[in-house]
Amino acid sequence: MIMPDTGHALRVRGVSRNFGGLKALRDVDLEIADGERISVIGTNGAGKSTLFNLIAGVFPATSGRIELFGEDVTGMSTAKRAKRGLARTFQTSRLFEQLTVAENVFIALGGSEFRGGSLRPAWRSPSRWERGERLLERVGLREKGEAVVADLSHGEQRQLELAMALALQPKLLMLDEPAAGFSPSERTHLVKLLREIPEEITLLLIEHDMDIALAVASRVIVMHDGEKILEGTPDEIRASERVREIYLGGSLDEAV
Ligand SMILES: Nc1ncnc2c1ncn2[C@@H]1O[C@H](COP(=O)(O)OP(=O)(O)OP(=O)(O)O)[C@@H](O)[C@H]1O
Ligand SMILES: [Mg+2]
């Protein structure tokens, strides 16, 4: 029997994805050790979200192999991958907008039930209530538990999504542009939150904002036109001519 390799949260081997004639992802390899902090950067349409969707199992790879925690999950459903410890946020928000912040976290903690034909939070568990409060505290939303999600600022909604992903107690957490639409102060706050994510959680972050991508990661993957074109430490990425070219000749200086 082949023993699973427990040292790697994720292995992506020669993964490609076509959408009709479009090669959105071409022969991408990626290895992430347990506990690593990785940022994926790249311009619009580079294939970053497609890579996330393939890892999460939202749609199948056209070719290649994906391993989570040493296990081949290439043909496995999203739900099964989530059960194995994968959590992700989406580039666009997926919250229950008409419910309160606390109710959303409750649902993420598994405290939901169907009542009156729709999904409702189940209130009967004090320990779950406390866990929810701790999660809201961790993401800086302690005072907002009773607020209706639709009334939150954009930044607060993204913080809530982070709390909901953490509620799943993931081993691998994937965040797709968590700073999209953030103000500068919200960005600073987000970097702090991301740095405080427990060490045992492996983090894979897609981020347009260079400051954030380089501040949070120990290793950075650069995607361009469906391919992984570079991989290095934040310092190597800062020094890279190629990255500079891709990010419009020198604009990296302003971004870093
Ligand atoms: N479900 C889909 N159906 C058809 N084409 C898709 C689909 N998802 C992505 N694409 C295309 O694949 C390419 C890569 O898209 P992707 O969303 O992965 O890029 P991205 O790097 O996440 O870009 P952005 O920074 O704008 O979020 C794009 O040309 C996009 O239009
Ligand atoms: Mg994207």
Side-chain angles (χ1 to χ4, degrees), residues 10 12-30 32 37-66 68 73-79 81 86-95 154-155 157-159 161-162 164-165 172-182 186-187 190-191 194 203-217 219-232 234 237 240 242-249 251-252 254-256:
L10 177 69
V12 171
R13 296 261 169 90
V15 163
S16 299
R17 171 72 203 196
N18 304 339
F19 293 110
L22 176 77
K23 293 186 158 99
L25 214 59
R26 279 180 284 177
D27 201 20
V28 170
D29 291 314
L30 188 62
I32 303 184
R37 299 281 187 266
I38 308 290
S39 289
V40 179
I41 63 172
T43 48
N44 288 330
K48 307 181 294 297
S49 295
T50 300
L51 177 64
F52 264 35
N53 286 329
L54 292 175
I55 295 168
V58 174
F59 40 66
T62 304
S63 58
R65 173 185 166 98
I66 295 168
L68 277 178
V73 300
T74 312
M76 212 178 261
S77 68
T78 308
R81 295 184 202 202
L86 174 69
R88 57 91 54 99
T89 61
F90 290 84
Q91 193 166 351
T92 51
S93 182
R94 307 265 170 114
L95 298 169
H154 177 74
Q157 292 193 6
R158 306 304 305 227
Q159 281 163 248
E161 284 176 70
L162 181 58
M164 291 174 74
L172 172 61
L173 176 61
M174 304 201 299
L175 305 175
D176 195 347
E177 295 197 31
F182 272 28
E186 285 173 332
R187 277 161 202 267
L190 179 74
V191 168
L194 295 178
L203 184 66
L204 183 57
L205 174 78
I206 292 180
E207 191 45 70
H208 262 299
D209 184 315
M210 279 282 181
D211 276 340
I212 295 175
L214 301 186
V216 172
R219 193 149 58 89
V220 181
I221 312 272
V222 186
M223 308 259 321
H224 188 56
D225 217 3
E227 287 179 292
K228 184 179 96 175
I229 57 156
L230 195 68
E231 189 172 341
I237 298 302
S240 162
R242 186 80 202 278
V243 173
R244 228 168 260 267
E245 279 164 25
I246 288 169
Y247 279 85
L248 297 173
S251 70
L252 191 58
E254 292 141 41
V256 178

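Read the numbers this way: they start at 1 and go in the same order the structure lists the ligands and their atoms.
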Who pairs with R187 by side-chain hydrogen bond (donor to acceptor under 3.5 Å, both in side chains), at least two apart in sequence or on another chain?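 D209.
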With atoms numbered from 1 as shown, which atoms in ligand 1 lie under 4.0 angstrom from a non-hydrogen atom of [X]?
{"X": "A46", "answer": "19 (O), 20 (P), 21 (O)"}
{"X": "N44", "answer": "23 (O), 24 (P), 25 (O), 26 (O)"}
{"X": "T50", "answer": "9 (C), 14 (C), 15 (O), 16 (P), 18 (O)"}
{"X": "H208", "answer": "25 (O)"}
{"X": "A24", "answer": "12 (O), 13 (C)"}

[X] side chain to [Y] main-chain N or O, any donor-acceptor pair under 3.5 Å?
{"X": "R81", "Y": "M76", "answer": "yes"}
{"X": "E207", "Y": "A179", "answer": "yes"}
{"X": "D225", "Y": "A46", "answer": "no"}

Taking N or O atoms only and a 3.5 Å limit, does G45 qualify as a polar contact for ligand 1?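 Yes; the residue has a nitrogen or oxygen that sits under 3.5 Å from a nitrogen or oxygen of the ligand.
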Closest to atom 25 (O) of ligand 1 among R17, E207, K48, H224 (heavy-atom distance):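 Comparing heavy atoms across R17, E207, K48, H224, the nearest one to atom 25 (O) of ligand 1 lies in K48.
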Just to be sure I read this right, does ligand 1 sit under 4.0 Å from the backbone of E177, its side chain, both, or neither, counting only heavy atoms? side chain
Could you tell me whether L22 approaches ligand 1 through its side chain, its backbone, both or neither, with non-hydrogen atoms closer than 4.0 Å?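 Only the side chain of L22 comes within reach of ligand 1.
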If you round to the nearest 0.5 Å, how far is CD of E231 from CD1 of I237? 8.5 Å
Face-on cation placement of R17 at F59 ring, 6.0 Å and 45° thresholds: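 Here R17 passes the 6.0 Å and 45° test against F59.
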Kindly state each residue pair satisfying salt bridge (charged side-chain N to carboxylate O under 4.0 Å, His left out) with at least one member in residues 43-65, sequence neighbours excluded.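 For residues 43-65, and leaving out neighbouring residues, the salt bridge (charged side-chain N to carboxylate O under 4.0 Å, His left out) pairs sorted by first residue read R65-E67, R65-D72.
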Within less than 4.0 angstrom of ligand 1, does G47 place any heavy atom?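 The answer is yes: ligand 1 sits under 4.0 Å from a heavy atom of G47.
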Can M223 be said to touch ligand 1, with heavy atoms closer than 4.0 Å?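 It does not; every heavy atom stays at 4.0 Å or beyond.
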If we only count heavy atoms from C-beta on, is the N44 to H208 side-chain gap below 4.5 Å? yes
State whether S49 contributes an N/O/S atom found under 2.8 Å from the Mg ion (ligand 2).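 Under 2.8 Å: S49 contacts the Mg ion (ligand 2) through an N, O or S atom.
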